[in-house]
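Counting starts at 1 for both ligands and their atoms, following the listed order. By convention here, the first residue in the shown sequence is residue 1.
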Amino acid sequence: MIELKNISKTYQSGKIAFQALKNVDLKIEQGEFVAIMGASGSGKSTLLHILGFLDPPDDGEYLFLGQNVAKLKEGTITKLRNKVAGFVFQQFHLLPGLKAYENVSLPLIYGGNRDLKPKSLEQLIAVGLKDRAEHVPNELSGGERQRVAIARALVNDPLVIFADEPTGNLDTASESEIMKIMNGLHEKGITIIMVTHEMEIAEHAQRIITMRDGKIISDISKNKSKVIIKIIKNIQSNIAEDIINEKKKLSPNQAEWIDHIKQAFRSIRVNKLRSFLSMLGILIGVAAVIAMLALGKGATSSIEKDLSRLGSNLLIVMPGNRSEGGVSMGTGASSRFTEADLAVIKNIPSVKRASGVISGKAQVVYSNKNWRTSISGTDVDYSQMRVIEPNIGRYFNEKEQLARERVAVIGATIVDKLYGTEDPLGKNIKINKVNFKVVGILPSKGFSGGRDENDVIYIPLSTAMYRLMGEKYLNQIQVEVDKKENIESTKLEVTDLINQLHKWQAIDNM
Ligand code: ADP
Ligand code: MG
């Protein structure tokens, strides 16, 4: 939807020229939720203003829906700003003399609309401010004012919301209200581009872009950024802890500590991790990174493999059970798996592919027929790993996974029970009352181990977790190792890494 090519922007104040953007390239697709981070003065607002048609670049090309914005007439650009974009700023920018609903109706007035009040009220209701419609900004809290500003941004049904530090002036409670609204808008398919310098806020996005000195220095999408955020948070809290609480400075025994560090150094992960961190533009002492890696030792997690059934190079990683042996994890350490574990596993060099799996039973309905079946949420790669390939239609793709789309791949039993002779492809299927679209149909497989392999539905992992089951833990992680010879070492590495990560998380939760 949005494409910037080689965009530059220089500000001239008096004799001094300052280049705020330097040859920026950027593509943003419709429906993305992007956070722009970076130090103050790094060019975030300048970039957002250009994206929002508020300011033209000096150099380079801005294509919006394939159109070169520079070639559009001024009137067209004004319309774009008014109809396509919604803006939310740190300072709210409400007109003090107007009531909340009147502020919301401003973009409608500019657009020459009638019926201002009902439309404005509708938006105020959507942001939970029904009873505040008649109040002027002075009578509203900061969080409420920002919600009025969001209602104003929404009143023309924008394609994109541009937000510059929207929670910068708010307390934590209002902050989370605003982010809830933003997440809701994203789920409705609105593209969100949001400048923020807070990691907690950026975490809501699917993609984090970091700027430094007028350039984009990193651009990371969901899975990766999640782990990195976690790691950085832990490092930050560790550093803070070290500074504040001198007692906790190092591990109990200095020699043991050094040993850990050496051990950590040997692992290839250190380099990977460091390059991630520098990609993010966050400079942290190498020692801190290594300290993080060295923290976990021992602890539990069992890995089970079922080579005969799954094909040769597959490992199934399941959360450990303390009674199965191994050292107990400290209090607070969760032995359940999250997406962070999955991302860490995917990052192991000998891991070819990995998929989180979450499964459950659900009632499925089409037209007047219903059936109870098994639902599995998986990654896209699962299809190839487990050779679950539709003969009609397709497996879901990465884009659908990222967007948590409601798409389903159904087994032969489902076809039989719900659709009969009708072609299910492209049809609706209700899974626990939620509407999904059938995008693939699996060939009939026959029974295996008493289980009907045809009586199953596969949906994107993210959809299963966040939209269907409301579950943040994975049941298992399936791992495909690159070569047979690496299975044992991968098993150890997975155990080790997961244990480390869980130790950090335990510390983080303390
Ligand atoms: P950020 O939003 O990342 O804090 P900005 O995009 O606002 O950064 O600014 C980038 C740089 O450009 C800063 O050094 C800022 O001082 C400078 N700058 C921004 N706007 C102007 C302006 N109108 N005139 C001169 N310099 C500006
Ligand atoms: Mg700014």
- Among residues two or more places apart or on two chains, list those pairs meeting side chain to side chain donor-acceptor pair (under 3.5 Å) that have a residue in residues 179-189. Asn183-His204, His186-Gln206
- Once you round to the nearest 0.5 Å, how far does CG of Asp25 lie from CD of Glu3? 8.0 Å
- Task: Mind jotting down which protein residues get a heavy-atom contact under 4.0 Å with ligand 1? Chain and number order, please.
- Result: Tyr11, Phe18, Ala20, Ala39, Ser40, Gly41, Ser42, Gly43, Lys44, Ser45, Thr46
- Over-ring placement of Lys117 relative to Tyr101, 6.0 Å and 45° cut-offs: yes
- Task: Take Leu98 and Leu106, measure what side chain to side chain contact (heavy atoms under 4.5 Å, CB included) needs, and give me the verdict at the end.
- Result: CA-CA 10 Å; Leu98 299 184; Leu106 285 174; 4.0 Å; yes
- Message: Using a 6.0 Å cut-off, check whether atom NZ of Lys437 has over 12 heavy atoms from anything other than its own residue.
- Response: no
- Task: Output yes when a side-chain donor or acceptor of Ser462 lies under 3.5 Å from a complementary backbone atom of Leu402, and no otherwise.
- Result: no
- Query: Partners of Phe92 by ring-ring contact (aromatic ring centres under 6.0 Å, His included), sequence neighbours excluded?
  - Reply: none
- Item | side chain to side chain donor-acceptor pair (under 3.5 Å) between Thr378 and Ser355, worked out | CA-CA 6 Å; Thr378 77; Ser355 168; 4.6 Å; no
- Any donor-acceptor N or O pair under 3.5 Å, side chains Gln91, Asn169: yes
- Message: Below the 2.8 Å mark, what number of protein N, O or S atoms do you get around the Mg ion (ligand 2)?
- Response: 1
